[in-house]
Amino acid sequence: MCIDDKLYEVVKNIDMRKVDFRQPADVWRIWVKEDSETWSKFTFWYVNDFLTSAVNNREELLWYYFSGYKDDHEAFANDWIAENEKHDFFLFYAEKVWEESVENITV
């Protein structure tokens, strides 16, 4: 198994009970496909910046990737989503927010 496959498995197996659609990285980890340009961009960053960074800086880099954007989906998409995949990312995000809103409606 290559690092790309293993990394994808790790990302996809993060506890799904803790999904917060206000966090763009949570939306991303559910939406992203292994054969996408966006995934290639992430794995390139992971191998070239994250793994080669100073050991004491790795946690900060990964934390920033997964939660540093707070609820700014647009900034996250501008930095991490391939241009030709942004529309699909935002559609997926809107659908999930809608689903979550409907689930929270009490009659």
Side-chain angles (χ1 to χ4, degrees):
M1 182 180 281
C2 70
I3 192 168
D4 185 42
D5 295 334
K6 184 62 179 167
L7 183 58
Y8 189 77
E9 183 180 300
V10 168
V11 166
K12 288 299 187 171
N13 288 323
I14 294 172
D15 189 353
M16 297 303 283
R17 293 172 296 177
K18 297 180 182 177
V19 173
D20 180 354
F21 290 112
R22 292 170 295 185
Q23 295 289 328
D26 276 3
V27 176
W28 170 85
R29 69 186 174 91
I30 296 167
W31 168 82
V32 73
K33 305 286 187 281
E34 192 171 13
D35 62 349
S36 68
E37 286 183 48
T38 296
W39 181 253
S40 295
K41 185 176 187 171
F42 175 74
T43 55
F44 182 84
W45 168 79
Y46 184 82
V47 170
N48 291 302
D49 291 345
F50 180 73
L51 291 180
T52 59
S53 68
V55 173
N56 63 346
N57 193 32
R58 283 186 190 161
E59 282 186 31
E60 184 178 321
L61 275 174
L62 200 54
W63 178 89
Y64 184 77
Y65 179 79
F66 281 109
S67 60
Y69 289 87
K70 307 249 185 274
D71 61 354
D72 193 345
H73 290 74
E74 188 171 346
F76 181 89
N78 287 334
D79 290 347
W80 291 104
I81 308 297
E83 193 64 40
N84 65 331
E85 297 171 343
K86 285 182 183 178
H87 180 74
D88 290 339
F89 175 77
F90 284 117
L91 275 177
F92 181 83
Y93 166 60
E95 288 171 5
K96 293 302 176 186
V97 169
W98 174 254
E99 289 170 7
E100 193 173 65
S101 297
V102 170
E103 287 175 3
N104 291 328
I105 294 174
T106 57
V107 184

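Small disclaimer: the values here were computed from a predicted structure and weren't measured.
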As an exercise, state the distance from OG1 of T38 to NZ of K86, rounded to the nearest 0.5 Å.
9.5 Å
Classify the angle between the aromatic ring planes of W80 and W45 as parallel (below 30°), tilted (30 to 60°) or perpendicular (above 60°).
perpendicular
Minimal heavy-atom distance between Q23 and K70, with the atoms involved, is OE1-O, 3.3 Å
I want to check something: taking the side chain as every heavy atom from C-beta on, are W28 and W39 in contact at a cut-off of under 4.5 Å?
yes
Residues forming a side chain to side chain donor-acceptor pair (under 3.5 Å) with D79, sequence neighbours excluded
Y69
Can you tell if the side chain of I30 reaches within under 4.5 Å of the side chain of F21, non-hydrogen atoms only?
yes
Give the C-alpha distance, both sets of side-chain angles, the deciding distance and a yes or no for side chain to side chain contact (heavy atoms under 4.5 Å, CB included) between F76 and V27.
CA-CA 11 Å; F76 181 89; V27 176; over 6 Å; no
So, for K41 and N78, which heavy atoms are closest and what is the spacing to 0.1 Å?
NZ-O, 4.4 Å
Same cluster (ILVMFWY, side-chain, under 4.5 Å), V47 and V32:
yes
For E37 against E85, the heavy-atom pair lying closest together
N-OE2, 3.0 Å
Over all atoms of both residues, closest heavy-atom pair of P24 and F89
O-CZ, 4.0 Å
Would you call W31 and I81 a side-chain contact if the rule is heavy atoms closer than 4.5 Å?
yes
Under the side chain to side chain donor-acceptor pair (under 3.5 Å) test, residues paired with E74 that sit two or more places apart
none
Working for salt bridge (charged side-chain N to carboxylate O under 4.0 Å, His left out), residues R22 and D20
CA-CA 5 Å; R22 292 170 295 185; D20 180 354; 3.0 Å; yes
Please tabulate, for the side chains in residues 93-100, all donor-acceptor contacts under 3.5 angstrom to protein atoms that are two or more places apart in sequence or on a different chain.
| from | atom 1 | to | atom 2 | distance (Å) |
| --- | --- | --- | --- | --- |
| K96 | NZ | E99 | OE1 | 3.3 |

